[in-house]
Amino acid sequence: IGTAYDIVLVGAGKNSGFLFYSISLPLGQRGNFQLKVHSVTGATADNIKLPKATALRNIIVDGSMQWSFNAGAAITSSPAIGADGTIYFGTDDNYLYALYPDGTFRWRYKTGAAVKATPAIGNDGTIYFGSIDRQIYAINPNGSLKWVIPTKSNFYSSPAIGNDGIIYVAGTYQDRDLLCNGKIEVQFGVLYAVNPTGSIRWTVDRLSGRIDSSPAITRDGIIYLGTDGDINFDRVNPCDEESFYLPSTIYPDYYPVNGHLYAIDSANNGSILWDFGALGDIDSSPAVSDDGTIYVGSDARQIAYGESKNKFFTFSPSTEGFLYAINPNGSLKWFADLYGDVDSSPAIDADETIYVGSDKNDVFAVYPADGSLKWVYPTTGDVNSSPAIGDDGTVYVGSDDGSFYALNPDGTEKWTYDARSTIISSPTIIDSGTIYVGTSGGNLIAIGSESTLMESAWPKFRRDLKNQARQP
């Protein structure tokens with residue numbers, strides 16, 4: 001920044017050979033800085049050989065942009081990081097990209113439609129993802145196609161990978177189904193279990209409603225997956241107009257189910273163990289704590305029972321949305337109103353505090369015991385990005401207001417980075433402290449930080465750097 005400082009050795013001792021100093025940068029200064037030493041008063045007598053203009057190190061300032069790669073189309077996909085540091089992400093102009101760790105282009109693979117889903121990386125380096133073109137892809141680390149599976153589903157949901165390498169991918173059937181001899185039309189979702197060789201192991205179809213949520217896997221192989229629900233299907237008997245609409249788990253006497261969280265047994269060909277009935281659509285992806293509690297968000301209520309349980313009326317509240325804590329048996333532990341749709345996916349720190357955003361424009365920290373608020377930080381846009389937690393407790397998250405936020409563990413602002421574009425993508429943090437996140441303006445940004453990813457039950461969207469979404 002063009003400032004010179006005098007460094008004087010006083011009483012260092014003959015032949016001591018050590019020089020320690022620090023220089024503080026001006027408050028708010030950002031960028032990459034190189035510190036050079038031209039001369040040190042007092043060094044000559046001790047014969048310390050100090051070359052002129054020695055470059056000692058690069059100083060990466062917390063919150064500064066290290067580099068930015070423009071992919072030319074919106075990035076709502078979140079980055080996955082390979083063992084060699086390669087960064088993988090999808091774009092709305094149909095590509096899966098691979099970048100070197102310095103932000104330079106490595107390769108890209110073109111699909112037939114937008115890649116909104118976040119990729120996951122297998123232990124052998126294979127990259128798995130689904131596309132809106134109704135196909136599931138496996139791509140080799142060199143960018144060549146390993147295999148592809150054509151389906152009838154659009155994929156917004158991101159894969160999860162089991163201990164045995166099985167890939168679990170959820171999609172929404174593009175065509176709606178006709179049931180009851182054509183009397184009703186319903187929207188189904190489906191979960192595919194795919195062998196690493198590219199064959200389908202089993203499927204769970206007829207999941208109620210559209211799927212934007214992504215699956216999570218427990219250490220016991222139980223898969224949790226959210227859906228939006230379909231009111232035409234969510235009846236005791238969909239073909240009987242007098243049958244009751246299925247009740248929500250929380251207020252079964254007042255509200256029908258409006259979204260689902262399914263527990264699916266991977267060891268038993270995808271049998272459904274339980275179905276939690278949420279008050280709103282579940283687009284959030286579940287996070288699993290060390291004690292097995294499942295945390296997931298939902299939108300606001302949209303339907304309520306009418307004069308009887310075979311009738312309902314619709315309404316559109318704009319000031320509510322929910323975070324649920326669900327026991328491993330599918331019963332409700334607690335739920336909290338976060339004052340706007342909760343499409344952000346929860347992250348859990350080492351103390352089990354839960355962090356999540358909502359359409360209230362806020363980032364919330366929630367106590368695990370009862371769902372009470374620990375703190376709230378206001379942004380000026382919807383928070384659909386999912387938080388990542390640093391090892392020092394810093395919470396990193398993007399907002400629709402075009403800013404990327406770093407928040408201290410007490411909820412105060414540490415710094416912000418102006419991305420000048422909506423951030424729906426969720427961040428990841430590599431071991432060097434660099435944070436990667438995408439923007440709707442088409443930039444994949446690398447931002448400097450003093451953190452690494454926290455070691456906790458679920459510190460980020462899809463849990464780990466490879467995005468395998470599996471409980472350790």
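For the residue pair D234/Y245, the side-chain donor-acceptor check at 3.5 Å is not satisfied. One side chain, D401 or T380, offers a donor N or O that lies under 3.5 Å from an acceptor on the other. Judged purely by distance below 3.5 Å, without hydrogens or angles, the side chains of N154 and Q174 pair a donor atom with an acceptor atom. Looking at Q302 and S316, their side chains never bring a donor and an acceptor atom within 3.5 Å of each other. In the model, S440 has no side-chain atom that pairs as donor or acceptor with a side-chain atom of T422 under 3.5 Å. Side-chain contact, T91 with D93: a donor N or O sits under 3.5 Å from an acceptor N or O. A donor atom on one side chain and an acceptor atom on the other are found under 3.5 Å apart for R106 and T86. A side-chain N or O of T452 and one of D391 form a donor-acceptor pair less than 3.5 Å apart. In this model, a donor atom of one side chain and an acceptor atom of the other lie less than 3.5 Å apart for R470 and N163.
In this structure, D341 contributes its side chain and A300 its backbone to a donor-acceptor pair below 3.5 Å. Listed for the N70 side chain is a donor-acceptor partner under 3.5 Å among the backbone atoms of G72. Between the W202 side chain and the L191 main chain, no donor and acceptor come within less than 3.5 Å of each other. S248 places a side-chain N or O within 3.5 Å of a backbone atom of Y255 that can act as its donor or acceptor partner. Without hydrogens or angle criteria, S451 side chain to G390 main chain gives no donor-acceptor distance under 3.5 Å. Using a distance-only test at 3.5 Å, with no hydrogens or angles considered, a donor-acceptor pair links the side chain of N232 to the main chain of E185. Listed for the S284 side chain is a donor-acceptor partner under 3.5 Å among the backbone atoms of S344. Between the S386 side chain and the S345 main chain, a donor and an acceptor come within less than 3.5 Å of each other. Within the 3.5 Å criterion, the main-chain N or O of S403 finds no donor-acceptor partner in the side chain of S399. Of the possible polar contacts, none joining the E352 side chain to the S289 backbone as a donor-acceptor pair under 3.5 Å is found.
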Exercise. Between Q468 and N123, is a side chain to side chain donor-acceptor pair (under 3.5 Å) present by the stated rule, with each step listed?
Worked result: CA-CA 9 Å; Q468 294 186 350; N123 291 336; 3.1 Å; yes
For this session: Decide side chain to side chain donor-acceptor pair (under 3.5 Å) for D240 and S243; before the verdict, give the C-alpha distance in whole Å, the side-chain angles of both, and the deciding distance to 0.1 Å.
Result: CA-CA 5 Å; D240 181 0; S243 69; 4.9 Å; no
Problem set entry | D410/T412 under side chain to side chain donor-acceptor pair (under 3.5 Å): CA gap, chis, key distance, verdict | CA-CA 6 Å; D410 63 359; T412 57; 2.7 Å; yes
For this session: Output, in order, the C-alpha distance, side-chain angles, deciding distance and verdict of side chain to side chain contact (heavy atoms under 4.5 Å, CB included) for V190 and V204.
Result: CA-CA 6 Å; V190 56; V204 183; 5.9 Å; no
For this session: Carefully, step by step, assess N384 and D359 under the rule side chain to side chain contact (heavy atoms under 4.5 Å, CB included).
Result: CA-CA 7 Å; N384 293 306; D359 284 1; 3.3 Å; yes
For this session: Report the C-alpha distance between T227 and I282 in whole Å, list the side-chain angles of each, state the deciding distance to 0.1 Å, and finish with yes or no for side chain to side chain contact (heavy atoms under 4.5 Å, CB included).
Result: CA-CA 5 Å; T227 74; I282 294 183; over 6 Å; no
Problem set entry | Verdict with reasoning, T379 to N361, per side chain to side chain contact (heavy atoms under 4.5 Å, CB included) | CA-CA 5 Å; T379 78; N361 302 350; 4.0 Å; yes
For this session: Please step through side chain to side chain donor-acceptor pair (under 3.5 Å) for the pair N195 and T197, ending with a clear verdict.
Result: CA-CA 5 Å; N195 292 309; T197 54; 4.9 Å; no
Problem set entry | Test log, rule salt bridge (Lys or Arg N to Asp or Glu O under 4.0 Å), inputs R420 and D418 | CA-CA 5 Å; R420 300 180 182 179; D418 183 7; 3.7 Å; yes
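Note on D92 versus K116: salt bridge recorded, some NZ/NE/NH1/NH2 to OD/OE distance being below 4.0 Å. The residues D392 and K414 are annotated as salt-bridged, a charged nitrogen and a carboxylate oxygen being separated by less than 4.0 angstrom. A salt bridge does not link R206 to D177: none of the charged nitrogens lies less than 4.0 Å from a carboxylate oxygen. The pair K146-D124 meets the salt-bridge criterion, since a charged nitrogen lies less than 4.0 angstrom from a carboxylate oxygen. One finds a salt bridge joining K360 and D362 here, because a Lys/Arg side-chain nitrogen approaches an Asp/Glu carboxylate oxygen to under 4.0 Å.
Other residues, nucleotides and ligands contribute more than 12 heavy atoms inside 6.0 Å of the CZ atom of F105. Around CG of D205, the count of heavy atoms belonging to other residues, nucleotides or ligands within 6.0 Å exceeds 12. The environment of E241 atom CD is sparse: at most 12 non-hydrogen atoms of other residues, nucleotides or ligands sit within 6.0 angstrom.
Of all non-hydrogen atoms in S425 and G438, the two that sit nearest each other are OG-N, 3.1 Å. Scanning both residues, A336 and G371, for their nearest heavy atoms gives CB-O, 3.6 Å. Contact between S157 and A170 at its shortest, heavy atoms only, is CB-O, 3.2 Å. When all heavy atoms of I222 and A263 are compared, the pair lying nearest together is CG2-CB, 4.2 Å. Residue P238 comes nearest to F233 through the heavy atom pair CG-O, 3.5 Å, listed as atom of the first residue, atom of the second, then distance. When every heavy atom of N327 is checked against every heavy atom of W274, the shortest pair comes out as O-CZ2, 4.0 Å.
In this structure, F69 and F89 have perpendicular ring planes: the angle between them is above 60°, well past the 30° mark. Taking the six-membered ring for Trp and thresholds of 30 and 60 degrees, W107 and Y88 have ring planes inclined between 30 and 60 degrees apart. Ring pair Y251/F335 is perpendicular by interplanar angle, where above 60° counts as perpendicular and below 30° as parallel.
For the pair T353/I348, no side-chain contact is recorded, criterion being any heavy-atom separation below 4.5 Å from C-beta on. Between I132 and F155, every side-chain heavy-atom pair lies at or beyond the 4.5 Å cut-off. By the 4.5 Å heavy-atom criterion applied to side chains, L179 and F188 are counted as neighbours. The side-chain heavy atoms of K152 and D175, taken from C-beta on, include no pair separated by under 4.5 Å.
Looking at I445, T416, I435, V397 one by one, the single match for side-chain contact (heavy atoms from CB on, under 4.5 Å) with F404 turns out to be I435. Checking Y295, Y224, F276 one by one against Y324, the ring-ring contact (aromatic ring centres under 6.0 Å, His included) holds for a single residue, F276. For the ring-ring contact (aromatic ring centres under 6.0 Å, His included) with Y405, the qualifying choice from Y377, Y396, Y417 is Y377, the only one to do so.
Both tests hold for R210 against Y156: distance to the six-membered ring centre under 6.0 Å, angle to the ring axis within 45°.
With ring centers used as reference points, W67 lies under 6.0 Å from Y436. Proximity of the aromatic rings of Y305 and F244 is defined here by a centroid distance below 6.0 angstrom, and this criterion is not met.
Interatomic distance, OH of Y355 versus CG of L323, reported as 13.5 Å (0.5 Å rounding).
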